[in-house]
There are 4 protein chains.
Amino acid sequence: MLAAAIDLFETVGYPRLTIDAIAARAGVSKATIYRWWPNKAAVVMEAFLATVEPDLAFPDSGSTRDDLVEQAAALSRLLTERRLGQLVLALLGEAQTDADLATALRDGWQRPRRDAGREVLQRGVDRGELRPDCDSDLVLDGIYGPIYLRLLFGHAPLDRSDIRQFVDQALDRVTRGPSGDV
Amino acid sequence: MLAAAIDLFETVGYPRLTIDAIAARAGVSKATIYRWWPNKAAVVMEAFLATVEPDLAFPDSGSTRDDLVEQAAALSRLLTERRLGQLVLALLGEAQTDADLATALRDGWQRPRRDAGREVLQRGVDRGELRPDCDSDLVLDGIYGPIYLRLLFGHAPLDRSDIRQFVDQALDRVTRGPSGDV
Amino acid sequence: MLAAAIDLFETVGYPRLTIDAIAARAGVSKATIYRWWPNKAAVVMEAFLATVEPDLAFPDSGSTRDDLVEQAAALSRLLTERRLGQLVLALLGEAQTDADLATALRDGWQRPRRDAGREVLQRGVDRGELRPDCDSDLVLDGIYGPIYLRLLFGHAPLDRSDIRQFVDQALDRVTRGPSGDV
Amino acid sequence: MLAAAIDLFETVGYPRLTIDAIAARAGVSKATIYRWWPNKAAVVMEAFLATVEPDLAFPDSGSTRDDLVEQAAALSRLLTERRLGQLVLALLGEAQTDADLATALRDGWQRPRRDAGREVLQRGVDRGELRPDCDSDLVLDGIYGPIYLRLLFGHAPLDRSDIRQFVDQALDRVTRGPSGDV
DNA sequence: CCTTAAACGAGACGGTACGTCGCGTCTTCCT
DNA sequence: AGGAAGACGCGACGTACCGTCTCGTTTAAGG
């Protein structure tokens, strides 16, 4: 059922994805889908999370900066590949008028990634790379915000070097100078 | 007609906004709407731009940072107030699968704002506040990215002080130190 | 179970009567119902017969005509009261395309009444009130036909005096004249 | 559209007749059907009347009895042939719980036939064949009632000679004897 | 008394049809 | 000529019941 949803999404895209089609492909009745999810977005949300969650491990290379770059690059790869970015965006769109979906998106998609990011930052602080007063929300929004923005509007390309620059920009003010920050 | 679209959008929200309703409220036939726009998104897009464009003047306070904060705050106000943020987001969602709309959104909505931002940055360079090699896309994405991100996901509040911090974060590396940069 | 069927029928009427509802109200599982009856009509049929059968005794007043009037009046009362007429009709409708139901309806509902009618007529013949060649089907259809017709189409009222006239009409040609018939 | 309804009815019968199928066969959208009729019964009703109405002319043979027999035989032929009887019955069934349909059935189907019957009776009175106080409802119900009854319950065959007997039975008491009635 | 099998309650399921909604097209009629 | 009015084909929606099908769980008879 979730598999059918993902398959179809990848075939026809979100707006042309119908519950009838999911039901048909999953060999399931429409009523059964409605028994478990309130609407298309919820099905797709769950299917999406089930597909995506495995990819969540992040490296601990010793360098906070490198770890963040790696994580951000993985995210951008995910959002670009297999049209999944389109899906997140579509869900993001519906989430503006569907509070349940918004919650699901925050809890299921954003929070795990954000927690991983926070961990990386904490390690940086522990290692002395970052200042202890570093505001993780500020830093993470400073990294992911620009990434989402470019993918959403498509006004500029987004490659690894861009990501590196966003990370640098966000880390700059919270990094202890090489000679220490006293 | 555009007025009807905006009115209705503000009444019922984007997903429950129908072309029939726009036609009825505008005292116009549906066919007439289709004569001028290819679909709902395009109508709403134009209506949205017509509503929003006037608010585009930005101050020249003498301080690049202050100008950028002002501009970003104005944007966030716009996106929050009058449910227009929801509208941009809905359009952003549709734009992922509608290339024409994506173009319209970039050209009509994003570019003017971005050009204004670039101007502000250029003034900063001219005034010697900013380094001449400052990459305006990097800076502007560093400011607006986090703002959109917070509004889209709603994972954290967004007030003026947050905006100020985003601006500082983005400007930090391109600012000539008060004592000069040499 | 039959009680539940009748109750529900009287509450919501035949077309909105569902097997789920019968099951729920009877505190019984749907499967159990299907174990015993092939479909809704069969359940209702049986429930209906169980409700109705007791009312089958007929008087033997000495006058064939009076007995027939009594019987016909009892029938029309039954069909009018408690919406049971509606039920017979609904079953009659389904019976047109459901041979089993048609048989059940004939055997369970019509035949007993008809046999009682035939008995009354036979008594009349025995008593010398009616001609011996009297065709009971002709007479009984002549009495009950008009009654059903009026109830089905509702094109005219049906009170006791109408019934008396139908009986007279049907009996007229088979009655031995008061002065004898030879 | 009506043609499609009739065709399908004759192919699959009333209970398996769906609005989707009518729409498909008529090359018409379901919504269009619902724009014009509130439900399946109403469509079929109108289709039925359109099919049936032409057959309404009745002979004026000079003999009231013969005219009535002819008329009744035509009715019984109609109800037997082409499964239309089944249809009338199905509609009759639904009419028990659908007041609009009941009205349509009375006005569209029963009344014209009844009026024709009344005319025949009136001619009989005018000609002196029938007593002037003859109650047409009584007579007509006495003829058609038994016919419907036999077709509905199917408890006995119905051929021309039965019909003749029903007519005789109903006419008997209102006929002026051959030698006059005084 | 215990076993064991039938009958049961609960209720999910595949399916069919329902009646509704909105889209974008098209025709008609009026101005 | 141009537009308001609105019917239409289309296709998806979400709902309601259908009749079938597991599942445990009674429950009553037979060993």
Side-chain angles (χ1 to χ4, degrees), chain A residues 1 4 8 12 14-43, chain B residues 1 4 8 12 14-44 94 98, chain C residues 1 4 8 12 14-43 94, chain D residues 1 4 8 12 14-43:
Chain A
M1 218 138 133
L8 279 168
V12 304
Y14 184 79
R16 288 168 46 198
L17 176 62
T18 71
I19 292 222
D20 284 270
I22 296 175
R25 175 183 270 253
V28 140
S29 118
K30 236 191 330 169
T32 301
I33 294 182
Y34 283 108
R35 223 191 301 281
W36 294 97
W37 295 278
N39 52 49
K40 181 171 82 163
V43 187
Chain B
M1 220 137 130
L8 279 168
V12 302
Y14 184 79
R16 288 169 47 200
L17 176 62
T18 70
I19 294 223
D20 285 84
I22 297 176
R25 176 185 273 252
V28 139
S29 118
K30 252 202 305 180
T32 304
I33 294 181
Y34 282 104
R35 220 189 305 281
W36 295 94
W37 297 278
N39 53 48
K40 179 171 84 164
V43 188
V44 175
E94 310 245 325
D98 177 341
Chain C
M1 219 138 131
L8 279 167
V12 304
Y14 185 79
R16 287 169 46 200
L17 176 61
T18 71
I19 294 224
D20 284 85
I22 296 176
R25 175 185 272 250
V28 139
S29 119
K30 249 198 310 175
T32 302
I33 295 182
Y34 282 105
R35 223 189 303 280
W36 295 94
W37 296 278
N39 52 49
K40 179 171 83 164
V43 187
E94 310 246 325
Chain D
M1 217 137 134
L8 279 168
V12 303
Y14 185 80
R16 288 169 45 202
L17 176 61
T18 70
I19 293 224
D20 283 87
I22 297 176
R25 176 185 271 252
V28 140
S29 120
K30 236 193 329 172
T32 301
I33 294 181
Y34 282 107
R35 223 191 302 281
W36 295 96
W37 296 278
N39 53 50
K40 180 171 82 164
V43 188

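Here is the naming used below: chain letters follow the sequence lines, and residue numbers restart at 1 for every chain.
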Item to check | For the student: nearest non-hydrogen atoms of D/Ala42 and D/Pro38, plus distance | outcome: CB-CD, 3.5 Å
Checklist entry - So where does chain D start and stop touching DNA chain E, 5' to 3', when the test is distance under 4.0 Å to a non-hydrogen atom? => result E/dA17 to E/dC21
Checklist outcome for this item: Correct closest heavy-atom pair for A/Met1 and A/Ala26 would be CA-CB, 3.8 Å
Checklist entry - Quick one: on DNA chain F, does A/Leu17 or D/Val28 contact a more 5' nucleotide (nearest heavy atom)? => result D/Val28
Checklist entry - For the pair made of CG in A/Leu8 and C1' in F/dA12, what is the distance, rounded to whole Å? => result 14 Å
Checklist entry - B/Met1 CE to F/dG3 P: how many Å, rounded? => result 9 Å
Next on the checklist: Base contacts versus sugar-phosphate-only contacts with protein, heavy atoms under 4.0 Å: please encode nucleotides 19-24 of chain F as B, S and - from 5' to 3'.
Outcome noted: BBB---
Next on the checklist: Rounded to the nearest 0.5 Å, what separates atom CG in A/Leu8 from atom OH in A/Tyr14?
Outcome noted: 13.5 Å
Checklist entry - Of the non-hydrogen atoms in B/Ile33 and B/Val28, which two are nearest, and what is the gap between them? => result CG1-CG1, 4.0 Å
Item to check | Atom-to-atom span, OH of A/Tyr14 to P of F/dA12 - whole angstrom | outcome: 15 Å
Item to check | Spacing of A/Trp36 atom CH2 relative to F/dG14 atom P, expressed in whole Å | outcome: 19 Å
Item to check | Contact under 4.0 Å: B/Thr32 side-chain N or O vs F/dA4 OP1/OP2 | outcome: yes
Item to check | Residue pair A/Ala4 / A/Ile22: nearest heavy atoms and the distance that separates them | outcome: CB-O, 3.9 Å
Checklist entry - Does A/Ala23 offer a backbone N or O that forms a donor-acceptor pair with the side chain of A/Lys30 under 3.5 Å? => result no
Next on the checklist: Heavy-atom nearest nucleotide on DNA chain E for B/Ala21 versus C/Gly27: which residue maps closer to 5'?
Outcome noted: C/Gly27
Next on the checklist: Is the shortest side-chain heavy-atom distance between C/Glu94 and C/Asn39 below 4.5 Å?
Outcome noted: no
Checklist entry - Tell me: CZ of D/Arg16 to P of F/dC18, nearest whole Å? => result 18 Å
Next on the checklist: With rounding to the nearest 0.5 angstrom, report the CG to OG1 distance, B/Asp20 to B/Thr18.
Outcome noted: 5.0 Å
Checklist entry - Which residues pass the side chain to side chain donor-acceptor pair (under 3.5 Å) test with C/Arg25, sequence neighbours left out? => result C/Asp7
